[in-house]
Amino acid sequence: MPSNQNPLGALPARFRRERLLIVGCGDVGQRLARDLQRGPGAGRVRVLALTSSPQRVAGLRNLGLTPLVGNLDDAASLRRLAGLATRVLHLAPPPGEGAGQDWWKDPRTVALAQALRLRALPASLVYGSTSGVYGDCGGALVAESRPVAPATPRAQRRVNAERAVRHLGRAGVRSSILRIPGIYAPDREGGTPEARLRRGTPVLRPEDDVFTNHIHADDLARACWLALWRGRAQRAYHVSDDVHRKMGDYYDAAADVYRLPRPARIARDAAGQQLPLMLLSFMSESRRLDNTRMQRELRLRLHHPDAIAALAASVQQGA
């Protein structure tokens, strides 16, 4: 193919290798960046990281990344992203509460998509969404084909972001959506249930309890990478481990791992009086995520297929 027809054009050598832009380079994005610095393929992909904080520039450079200062809440600052990356990993959350009459929208994802359209489009984009887009499913086994039914404002903003990603996909970007449940990892801030168990936060009694789903942060980082290359166009994937547990059973098992008292069990009516609204919202939705598509199409082999086993292994290693 002549250079003037190549998607990368007749560019300097440093631009002819793959360039990955990570938007929202927090814990998971940094795990992926560290993975890319190791192994036989280290250095084959140039990794760019968007940050709104100049104070993070040095830390990102120390990880081997190329920091780009820009703010998803300032569309003009994103123009520099146009044409820079061949692949984009979008892990930034929508705005929080208080977004006015457009409380259900995610203007950040819209602004990013508009910036990417200004020049040559990336070959692929992966967006990290949430399994909360389904709302309460009554404990049913949920496939990605199930219609979304967001029950909270934050989930509605995620649905709006997914629509913006799909719209970009229709312009020619191979866009994939990862629907992600609770993320855990012993080396992640707040990444284990230990602190909650020590606070003595109660859980629902068995007859009121809900199913919950988990994914280890390392497995999620690997799923993000595989989706950039193997994800199918306009496709959603559940990035979840292999075990379906009710929330109370999960905390009981975790308490045993940490050798702490099991949490008290309370009725749903009592929970409404004792627990914060955010926690109550998680206790109001029950679903079991089917991860078959992730395993078949992304061909991801989980390193941590069971959250409790992973926590137990971590405790044993630290003993």
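Keep in mind that the numbers below use all heavy atoms, side chains included, and drop hydrogens, waters and symmetry copies. Given the structure is predicted, the values throughout are model-derived calculations rather than measurements.
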[X] side chain to [Y] backbone, donor-acceptor under 3.5 Å:
{"X": "R166", "Y": "S175", "result": "no"}
{"X": "D241", "Y": "I215", "result": "no"}
{"X": "R245", "Y": "T212", "result": "no"}
{"X": "D208", "Y": "R268", "result": "yes"}
{"X": "H244", "Y": "L289", "result": "yes"}
{"X": "N213", "Y": "R287", "result": "yes"}
{"X": "S314", "Y": "A310", "result": "no"}

Same cluster or not: [X] versus [Y], using hydrophobic residues (I, L, V, M, F, W, Y) connected whenever any side-chain heavy atoms lie under 4.5 Å apart?
{"X": "L168", "Y": "V110", "result": "no"}
{"X": "V126", "Y": "V23", "result": "no"}
{"X": "L89", "Y": "L48", "result": "no"}
{"X": "L298", "Y": "W229", "result": "yes"}
{"X": "L91", "Y": "L21", "result": "no"}

For this session: Would you tell me whether Q156 and N160 have side-chain atoms, one donor and one acceptor, within less than 3.5 Å of each other?
Result: no

With sequence neighbours excluded, give me every ring-ring contact (aromatic ring centres under 6.0 Å, His included) pair touching [range].
{"range": "residues 144-197", "value": "Y184-H216"}
{"range": "residues 69-93", "value": "H90-Y127"}
{"range": "residues 20-39", "value": "none"}
{"range": "residues 59-80", "value": "none"}

Salt bridge [X]-[Y], side-chain N to carboxylate O under 4.0 Å:
{"X": "R31", "Y": "D187", "answer": "yes"}
{"X": "D209", "Y": "R265", "answer": "yes"}
{"X": "R222", "Y": "D35", "answer": "no"}
{"X": "D249", "Y": "K246", "answer": "no"}

Minimum heavy-atom distance between [X] and [Y], given as atom pair plus value:
{"X": "S281", "Y": "T152", "answer": "CB-CG2, 4.4 Å"}
{"X": "R19", "Y": "G83", "answer": "NH2-O, 3.6 Å"}
{"X": "V203", "Y": "G248", "answer": "CG2-CA, 3.9 Å"}
{"X": "M294", "Y": "S240", "answer": "CE-O, 3.7 Å"}
{"X": "A271", "Y": "L204", "answer": "CB-CD2, 3.9 Å"}
{"X": "R196", "Y": "P202", "answer": "NH2-O, 3.3 Å"}

For this session: For L300 and W225, run side-chain contact (heavy atoms from CB on, under 4.5 Å): C-alpha distance rounded to whole Å, both residues' side-chain angles, the deciding distance at 0.1 Å, then the answer.
Result: CA-CA 10 Å; L300 174 63; W225 175 249; over 6 Å; no

Taking the side chain as every heavy atom from C-beta outward, state whether [X] and [Y] have any pair of such atoms under 4.5 Å apart.
{"X": "L280", "Y": "P276", "answer": "no"}
{"X": "L125", "Y": "S176", "answer": "no"}
{"X": "L197", "Y": "P263", "answer": "yes"}
{"X": "P122", "Y": "T86", "answer": "no"}
{"X": "P93", "Y": "R158", "answer": "yes"}
{"X": "L20", "Y": "L36", "answer": "yes"}
{"X": "V173", "Y": "V165", "answer": "no"}

For this session: Output the rest of the hydrophobic cluster of V69: all Ile, Leu, Val, Met, Phe, Trp and Tyr residues reachable through side-chain heavy-atom contacts under 4.5 Å, sorted by chain and number.
Result: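 Reading the cluster by chain and number, V69 sits alongside V57.
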
Could you tell me the separation between the [atom1] atom of [X] and the [atom2] atom of [Y], rounded to the nearest 0.5 Å?
{"X": "I22", "Y": "L50", "atom1": "CD1", "atom2": "CG", "answer": "11.0 Å"}
{"X": "S129", "Y": "R157", "atom1": "OG", "atom2": "CZ", "answer": "12.5 Å"}
{"X": "Y251", "Y": "I308", "atom1": "OH", "atom2": "CD1", "answer": "9.5 Å"}
{"X": "L32", "Y": "Q30", "atom1": "CG", "atom2": "CD", "answer": "10.5 Å"}
{"X": "D219", "Y": "H214", "atom1": "CG", "atom2": "NE2", "answer": "13.5 Å"}

Which residues satisfy the side chain to side chain donor-acceptor pair (under 3.5 Å) test with [X], sequence neighbours excluded?
{"X": "E194", "answer": "R198"}
{"X": "D106", "answer": "T109"}
{"X": "R188", "answer": "D27"}
{"X": "R235", "answer": "E297"}

For this session: Please check if atom CD in E207 has more than 12 non-hydrogen atoms from other residues, nucleotides or ligands closer than 6.0 Å.
Result: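 Yes, enclosed.
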
Problem set entry | R34 atom CZ: more than 12 heavy-atom contacts under 6.0 Å | yes

Would you mind writing out the side-chain donor-acceptor pairs for residues 132-148 within the sub-3.5 Å range, not counting sequence neighbours?
residue, atom, partner, partner atom, Å
Y134, OH, R179, NH1, 2.8
Y134, OH, H238, NE2, 2.7
D136, OD1, G138, N, 3.1
D136, OD1, S286, N, 2.9
E144, OE2, H238, N, 2.9

Exercise. Does the pair C25 and L60 meet the rule for a side-chain contact (heavy atoms from CB on, under 4.5 Å), with working shown?
Worked result: CA-CA 9 Å; C25 193; L60 292 170; 4.3 Å; yes

For this session: Scan for salt bridge (Lys or Arg N to Asp or Glu O under 4.0 Å) pairs involving residues 167-177, sequence neighbours excluded, and state none if there are none.
Result: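 Sorted pair list comes back empty.
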
For this session: If a pair satisfies salt bridge (Lys or Arg N to Asp or Glu O under 4.0 Å) and one of its residues is in residues 73-96, list it, with sequence neighbours excluded.
Result: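 Qualifying pairs, neighbours excluded: E18-R87, D73-R108.
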
For this session: Carefully, step by step, assess D242 and N291 under the rule side-chain hydrogen bond (donor to acceptor under 3.5 Å, both in side chains).
Result: CA-CA 7 Å; D242 293 339; N291 66 7; 2.8 Å; yes

Problem set entry | CA sep, side-chain torsions, deciding dist, call: T130, I180, side-chain contact (heavy atoms from CB on, under 4.5 Å) | CA-CA 5 Å; T130 171; I180 304 166; 5.8 Å; no

Exercise. Given the rule in the side-chain contact (heavy atoms from CB on, under 4.5 Å) test, do L226 and R299 qualify, once you have shown the distances and angles that lead to the verdict?
Worked result: CA-CA 8 Å; L226 292 175; R299 302 194 297 279; 5.8 Å; no

